[in-house]
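For reference, the structure is listed below as structure tokens.
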Amino acid sequence: MTVVGVVGAGLMGAGVAQNLGMAGHSVVLVDISEDALSASLDRIRLNCRMSRMLGGPAVDGDEVLARITTSTDLAALADAEVVIENITEDEALKRALYPRLDEVCRPECVLVANTSAIPITRIGSWTGRPDKVAGVHFMNPVPMKPAVEFIPGRHTSPESLQIVRDLLTSMGKKAIDVKDACGFISNRLSHVFMNEAAYLVYEGVADAETIDEVFRSCFGHPMGPLETADLIGVDTILQSIEVLYEHFADSKYRPCPLLKHMVDAGHLGRKSGEGFYRHSNDLSQPAGGRGHLTAVRTGSAN
Ligand code: NAD
């Protein structure tokens, strides 16, 4: 049993905390928002209850929740052996957080960044312990996904990597080794097609349902790019594609204006109840299912 801190109790933090609890670890879940903490506990309870139905193992939600304590104070991480950071994909926010983690965590504690795009070497440079900073790009919904991208920073020590690798194994994850490049492998690919799918809607070429239908029926993908964008969060997609655009200074990552318009409108996908689709009562549905999707004509945003 390892004491693991999880910072950020949104979509990913809740999934990571649940998966750690299922693996028997003791979890300290920290967020700046009390509401996010209580919503994440509700989400974990629901996802444990629905695990079997979604093809996962039977999970005792009470046992999992008994292993998770919550706090809005980073000082609660003082005993953590590993901290997994899952806060908003906003470089300024992450940049402010890491020096604080450096202060409150034990010197030997390994810091794991769960980021969609920010290079791990850059994150390590915000701390005084770049040898103890590694990247794990978890997939959503975390407890249902068998693999992660595992990313060493330039200075990450073999000992730190082994600690994280062992933790991932205990969580039932296959760690796929990926070099430290902005967006890693998965998001270099997926964010280009989600952004391009948003352009197709923006330009009026097709609606979201038709685009997703092509992916499902013609390519055989279980989900289309815009259903996936709603599951991930339109705000997270926009923030990540902006990181790719800034990092590579390449127009192929130019964020679709429709994504910006949707974020301004609060249409963030499943987490807000509406994105490219309308989602009925988000918390009544477990993560991972297609749920009750009703297409919304998003149209072009002028
Ligand atoms: P989210 O918006 O659902 O949750 C982010 C949480 O971070 C919120 O609860 C917010 O209150 C909290 N937060 C913000 N600043 C904080 C701070 N300083 N201290 C503590 N908590 C803070 O986001 P998410 O989808 O869970 O994504 C989290 C991270 O995981 C991002 O870096 C994202 O790129 C990455 N990621 C997301 C997905 C996905 O499918 N959504 C997949 C892989 C990786």
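The figures that follow rest on heavy atoms only: side chains count, while hydrogens, waters and symmetry mates do not. Both ligands and their constituent atoms are indexed starting at 1 by order of listing.
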Pick, from Asn86, Ile87, Leu74, the option with the minimum heavy-atom distance to atom 31 (C) of ligand 1.
Ile87
Options Arg100, Lys145, Lys271, Met139, ranked by nearest heavy atom to atom 1 (P) of ligand 1, top entry:
Lys271
So which heavy atom in the protein is nearest [atom], and how far is it from that ligand atom?
atom                    : result
atom 19 (N) of ligand 1 : Ile32 CG2, 3.7 Å
atom 4 (O) of ligand 1  : Gly10 CA, 3.3 Å
atom 3 (O) of ligand 1  : Leu11 N, 3.0 Å
atom 14 (C) of ligand 1 : Thr88 OG1, 3.3 Å
atom 43 (C) of ligand 1 : Phe138 O, 3.0 Å

Determine, step by step, whether Val142 and Lys173 satisfy the side-chain contact (heavy atoms from CB on, under 4.5 Å) criterion, reporting the C-alpha distance in whole Å, the side-chain angles of both residues, the deciding distance to 0.1 Å, and the verdict.
CA-CA 10 Å; Val142 178; Lys173 301 292 181 237; 4.2 Å; yes
For Cys105, which of Leu77, Thr127, Val82, Val110 qualifies under side chain to side chain contact (heavy atoms under 4.5 Å, CB included)?
Leu77
If the plane angle is over 60° it's perpendicular, under 30° parallel, otherwise tilted; pick one for Phe193 and His221.
perpendicular
Hey, does Lys94 sit under 4.0 Å from ligand 1 if you only count heavy atoms?
yes
If you measure every N/O of [X] against every N/O of ligand 1, is any gap under 3.5 Å?
X      : answer
Asn114 : yes
Glu89  : yes
Gly13  : no
Ile232 : yes
Ser116 : yes
Val7   : no
Met12  : yes

Can you sort out which atoms of ligand 1 are near [X], meaning under 4.0 Å from one of its heavy atoms?
X      : result
Asn140 : 40 (O)
Thr236 : 25 (O), 33 (C), 34 (O)
Ala36  : 9 (O)
His137 : 43 (C), 44 (C)

Do the non-hydrogen side-chain atoms of [X] and [Y] ever get within less than 4.5 Å of each other?
X      : Y      : value
Leu167 : His25  : yes
Glu85  : Asn114 : no
Ser186 : Met139 : yes
Leu258 : Met262 : yes
Tyr199 : Val205 : no

If the threshold is 4.0 Å, N to carboxylate O, is there a salt bridge linking Glu91 and Lys94?
no
Step by step, would you call Leu11 with Arg43 a side-chain contact (heavy atoms from CB on, under 4.5 Å)?
CA-CA 9 Å; Leu11 218 54; Arg43 190 184 298 276; 3.8 Å; yes
Considering all heavy atoms, the nearest Ala197-Ile211 contact:
O-CD1, 3.6 Å
Heavy-atom pairs closer than 4.0 Å: do any link ligand 1 to the side chain of Asp31, the backbone, both, or neither?
both
Rounded to the nearest 0.5 angstrom, the CG-NE2 distance for Leu244 and His247 is 8.5 Å
